[in-house]
Number of protein chains: 2
Amino acid sequence: MKLTLENLKQELKEKNVSLSHQRLKILEYLVENRIHPTVEQIFSDLQKDMPTLSKTTVYNTLRLLAKSGLVKVITIEEKEARFDIDTRDHGHFKCESCGRIYDFPIDIDPLIPEELDKCQIISKDVYFNGFCARCLASEKEGG
Amino acid sequence: MKLTLENLKQELKEKNVSLSHQRLKILEYLVENRIHPTVEQIFSDLQKDMPTLSKTTVYNTLRLLAKSGLVKVITIEEKEARFDIDTRDHGHFKCESCGRIYDFPIDIDPLIPEELDKCQIISKDVYFNGFCARCLASEKEGG
DNA sequence: GTTCCTGCAAAAGCTTTGCAGAAGA
DNA sequence: TCTTCTGCAAAGCTTTTGCAGGAAC
């Protein structure tokens, strides 16, 4: 299933989660801005078109979407949570220089050790930290 | 190199990090209690023997140890940081029922995709969430 | 008219900072 | 003596909660 706004709206409908104007805009933002934004980013970007939007609503909506399984909370850094509309298994790489978070494909299921066989695994996260190719290149170039 | 207090003290010596009484006790605690404790756990346990210990010192020391590379900060949950004296690559499984965090061996290096070849990876974290064998068993048993 | 949602303000919780006094070399 | 460390208090941030007003059906 592709991660389109239509599909996500349909999924919410099936789960009886209503979509107010604010909620729809936040969902749209997540679909169109696959940058694993923070609450602050979502809030300040959307506020430009919705001056009355409050941060509380952003928090409430993200919590609702996470509870409904449509959004994943990324804890790759200590201070702030980040949000990902793509809930399928994949890895995240955070550049310590520019702050960008990149997705990368990784299938760790074959590596899960036997000792976890008797556990029930609900979510799997792979987080890498370092410096991205772009920053390494501009560092070399710029001095 | 084994994770003994002696080896860790030696490593700090080489890095010119001095070990006060408080710092030594916190380091000892981490070596002897491989439970990925929170600041609160470390503080309240150590306070029993060191009534004047302050939480600030626990924070300061953990930051120092992390900066020195002797401790890893685990962000497997959103609210509180946890600390691991074992900085070698391994996975963490957090049980949502009892809150325990288990270590498990996993070597993801062979799975790192080509697209990250030009990045510099500094740290790798694998976090699983779910229910541990112990909790699943007692649930079945207890009803 | 009833229910649910929004958004302000305040509170809560973790972590950091400022600083004076204490400890140690 | 001089430097470094501790620990109290206060501040800083992110996130949650209480609640009155408003929107939607």
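The sequence lines fix the lettering, A, B, ..., with proteins before strands; numbering per chain opens at 1. We use all heavy atoms of the structure for the numbers below, so side chains are in, but hydrogens, waters and symmetry mates are not.
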Query raised in the report: Between C/dT16, C/dC5, D/dT6, which nucleotide has the shortest distance from any of its atoms to the side chain of B/Arg63?
Result: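 Nearest nucleotide to the side chain: C/dT16.
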
Query raised in the report: A/Tyr59 and A/Phe43: aromatic ring centres closer than 6.0 Å?
Result: no

Query raised in the report: Contact class for A/Lys79 (heavy atom, under 4.0 Å): base, sugar-phosphate, or nothing?
Result: sugar-phosphate

Query raised in the report: Heavy atoms under 4.0 Å, any strand shown: does B/Thr57 hit a base, just sugar-phosphate, or nothing?
Result: base

Report summary line: By nearest-nucleotide position on DNA chain C, the 5'-leaning member of A/Gln22 and B/Glu80 is A/Gln22

Query raised in the report: Has the side chain of B/Thr57 got a donor or acceptor atom that lies under 3.5 Å from a matching backbone atom of B/Leu53?
Result: no

Report task. Taking B/Arg82 for its side chain and B/His36 for its backbone only, find out whether a donor-acceptor pair lies under 3.5 Å. Result -> yes

Measure the distance from [atom1] on [X] to [atom2] on [N] and round it to the nearest whole Å.
X: B/His21; N: D/dT6; atom1: NE2; atom2: P; result: 10 Å
X: B/Glu77; N: D/dT15; atom1: CD; atom2: C1'; result: 15 Å
X: B/Leu19; N: D/dT6; atom1: CG; atom2: P; result: 10 Å
X: B/Ile76; N: C/dC14; atom1: CD1; atom2: C1'; result: 18 Å
X: B/Asn16; N: D/dC5; atom1: CG; atom2: P; result: 12 Å
X: B/Leu62; N: D/dT6; atom1: CG; atom2: C1'; result: 15 Å
X: B/Phe83; N: C/dC14; atom1: CZ; atom2: C1'; result: 10 Å
X: B/Glu40; N: C/dT15; atom1: CD; atom2: P; result: 10 Å

Query raised in the report: Is there a donor and acceptor pair closer than 3.5 Å between the side chain of B/Thr38 and the base of C/dC14?
Result: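 Per atom types, no contact qualifies.
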
Query raised in the report: Is any N or O donor-acceptor pair between the side chain of B/Ser54 and the base of D/dC8 shorter than 3.5 Å?
Result: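 Such a pair does not exist between side chain and base.
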
Side-chain N or O of [X] versus OP1/OP2 of [N]: is the shortest distance under 4.0 Å?
X: A/Tyr59; N: D/dT15; value: yes
X: A/Thr56; N: C/dT6; value: no
X: B/Ser18; N: D/dC5; value: yes

Query raised in the report: Between NZ of B/Lys25 and CD of B/Gln47, what distance do you get to the nearest 0.5 Å?
Result: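 Reported to 0.5 Å precision, the distance equals 14.5 Å.
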
Query raised in the report: Any luck finding a side-chain donor-acceptor pair between A/His92 and A/Asp125 under 3.5 Å?
Result: no

